[in-house]
Amino acid sequence: MLYYLFQYLENEYQVPGASLFQFITFRAALAIISSLLISTIYGKRIIGFLAKKQMGESIRELGLEGQSEKAGTPTMGGIIIILATLVPALLFAKLDNIYVILLIITTLWMGVIGFTDDYLKIKKKDKEGLAGKFKVIGQVGLGLIVGCTMYFHKDITVKQEKVIAGVEEVIAVGDQSEFNPAIKSTKTTLPLIKNNEFDYASLITWINPDFAKYAWVIFIPIVIFIVTAVSNGANLTDGIDGLAAGSSAIIVLTLALFAWVSGNIVFSDYLNVMYIPNSGEITIYVAGFAGALVGFLWYNTYPAQVFMGDTGSLTIGGIIAVIAIAIRKEFLIPIICGIFFIEVVSVMMQVTWFKYTRKKYGEGKRIFLMSPLHHHYQKKGIHESKIVARFWIIGIFLAIIAVITLKVR
């Protein structure tokens, strides 16, 4: 809203400094500062409110050191993240931008699912919370909305450089005339490959080129799978103080860089990254989201004063998935979201091996002492704060690898 106000002041009255709001970097800086202040200042009040309403976490006995001490700690802290993300987005982003609208819908949609799950666990004394099938239905529903919007909405396009005789033209800096017109496309990018564009339509056009118009049959289910997988990955990672929020902050700041580059015609050309018109506004939203996560860490680091609950973890995963899809970097998810990925894989390995050995030998065996992976290290006697710090270091390492893919192919 402030964007439109200062745009009006600039156009009508040429107010000094009002033109700064035209710059994405300036608004992104304001968004991250605002979200940090909101999450740290008002976070304490929200925690107090949750404690007053007895929204305390009921801890299942898993035999982990220090586990019983966490009983009664306020949960649903994801509300802090959601509010501290949405307020700066509403203030500083272009609210008619389809990518911003999609991210707002994602935040609210997944927030409602997570809140319902937490509420049932606490107030209704139902340890299972929202039934798994309803969570999946909600995730699939969001994936369907995102997939259909990405495929059918007229404002979601890409621009590619003109090519003459198989050679890219040398363009003047900022000269959009040397780009082909914006087009609808199901193309995405692959990391570490020179000619790094991949078209989902090619998965069916090899049968018949006319099948290109049915590419949505492939594209939308893939989007649904990504949204579901990443949101569940974030949910599984939320197991010890600060792990999910800190790891997500690293992921989100990395995606902010990719979003800014993808939406900037000069840098996308220089780095040979797919130029996505209007996607630069994602940077504003992501900046606010990153600030909210870092601010939440003020209260969530060991010993945590609040847990994010499914209200936060499902929302975090959903937002990360949609950002990656929007900027055509979903194939980087296993690298950028490597912490989420390994947590999910550890659970899958544990369950699969247990079922296999029980069927074959009559007794189930385990690969890890406990899954997800962070609990395995807890069982080995490593303090959770050390586990979290080491996972953050791994997350930073993976983020650097992801950024390097901008040039290394």
Side-chain angles (χ1 to χ4, degrees), residues 24 97-103 106 142-143 145-161 163 168 176 179-203 205 212 215-216 218-227 229-230 251-286 289 317-337 399 401-409:
I24 287 175
N97 182 283
I98 184 57
Y99 295 109
V100 173
I101 294 171
L102 204 54
L103 286 168
T106 298
L142 176 63
I145 291 171
V146 174
C148 289
T149 304
M150 289 291 296
Y151 188 84
F152 294 108
H153 199 281
K154 62 182 179 62
D155 291 336
I156 295 182
T157 58
V158 300
K159 281 189 177 184
Q160 295 174 297
E161 290 182 88
V163 177
E168 291 183 356
Q176 297 194 42
F179 279 76
N180 288 314
I183 58 168
K184 295 292 299 176
S185 175
T186 53
K187 286 185 177 181
T188 188
T189 53
L190 298 172
L192 303 174
I193 296 175
K194 187 172 184 179
N195 299 316
N196 65 339
E197 292 184 357
F198 172 75
D199 195 341
Y200 288 113
S202 65
L203 296 174
T205 52
W216 62 269
I218 300 292
F219 179 74
I220 294 176
I222 290 174
V223 170
I224 291 172
F225 171 77
I226 293 170
V227 170
V230 178
I251 293 167
V252 168
L253 287 170
T254 308
L255 288 173
L257 175 62
F258 280 102
W260 183 73
V261 169
S262 298
N264 187 293
I265 195 166
V266 177
F267 284 97
S268 61
D269 169 60
Y270 172 70
L271 295 169
N272 194 24
V273 174
M274 183 184 292
Y275 173 52
I276 307 171
N278 305 313
S279 66
E281 284 298 307
I282 295 174
T283 311
I284 315 298
Y285 200 96
V286 178
F289 185 38
I319 294 174
I320 288 172
V322 172
I323 294 168
I325 293 165
I327 60 176
R328 321 277 172 143
K329 296 293 181 291
E330 60 269 32
F331 282 101
L332 272 175
I333 286 176
I335 299 175
I336 298 177
C337 302
I401 291 175
V403 172
I404 288 173
T405 64
L406 283 169
K407 288 298 288 183
V408 178
R409 296 171 191 168

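Numbers here are sequence positions counted from 1. From a predicted model like this one, the values you see are computed outputs, not experimental measurements.
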As an exercise, state the distance from [atom1] of [X] to [atom2] of [Y], rounded to the nearest 0.5 Å.
| X | Y | atom1 | atom2 | result |
| --- | --- | --- | --- | --- |
| Phe219 | Ile325 | CZ | CD1 | 7.0 Å |
| Thr157 | Ile98 | OG1 | CD1 | 11.5 Å |
| Leu255 | Cys337 | CG | SG | 6.5 Å |
| Ile323 | Glu330 | CD1 | CD | 13.0 Å |
| Thr254 | Leu257 | OG1 | CG | 7.5 Å |
| Glu197 | Ser202 | CD | OG | 11.5 Å |

Assess whether side chain to side chain contact (heavy atoms under 4.5 Å, CB included) is satisfied between Tyr285 and Tyr99, documenting all intermediate values. CA-CA 9 Å; Tyr285 200 96; Tyr99 295 109; over 6 Å; no

Judged by atom type as modelled, is there a donor-acceptor pair below 3.5 Å linking the side chain of [X] to the main-chain atoms of [Y]?
| X | Y | answer |
| --- | --- | --- |
| Lys184 | Ile156 | yes |
| Asn97 | Asn278 | yes |
| Thr188 | Arg328 | yes |
| Thr106 | Ile319 | no |

Take Val100 and Ile282 through the test side chain to side chain contact (heavy atoms under 4.5 Å, CB included) and record every step on the way to the result. CA-CA 6 Å; Val100 173; Ile282 295 174; 6.0 Å; no

Side chains of residues 146-155: which donor-acceptor partners sit under 3.5 Å, not counting sequence neighbours?
unit_1: Thr149; atom_1: OG1; unit_2: Ile145; atom_2: O; d: 2.7
unit_1: His153; atom_1: ND1; unit_2: Asp155; atom_2: N; d: 3.0

Minimal non-hydrogen separation, [X] against [Y], with atom names:
| X | Y | result |
| --- | --- | --- |
| Gly143 | Ile224 | C-CG1, 3.5 Å |
| Ala259 | Thr283 | C-OG1, 3.7 Å |
| Ala201 | Ala215 | CB-CB, 3.7 Å |
| Ile276 | Ala326 | CD1-O, 3.8 Å |
| Val227 | Ala321 | CA-CB, 3.8 Å |
| Ser262 | Ile327 | OG-O, 4.1 Å |

Give me the ring orientation class for Phe331 and Tyr200: parallel if the planes are under 30° apart, tilted from 30 to 60°, perpendicular past 60°.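 Parallel, since the angle between the ring planes stays under 30°.
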
Determine, stepwise, if the pair Ile193 / Phe198 fulfils side chain to side chain contact (heavy atoms under 4.5 Å, CB included). CA-CA 10 Å; Ile193 296 175; Phe198 172 75; over 6 Å; no

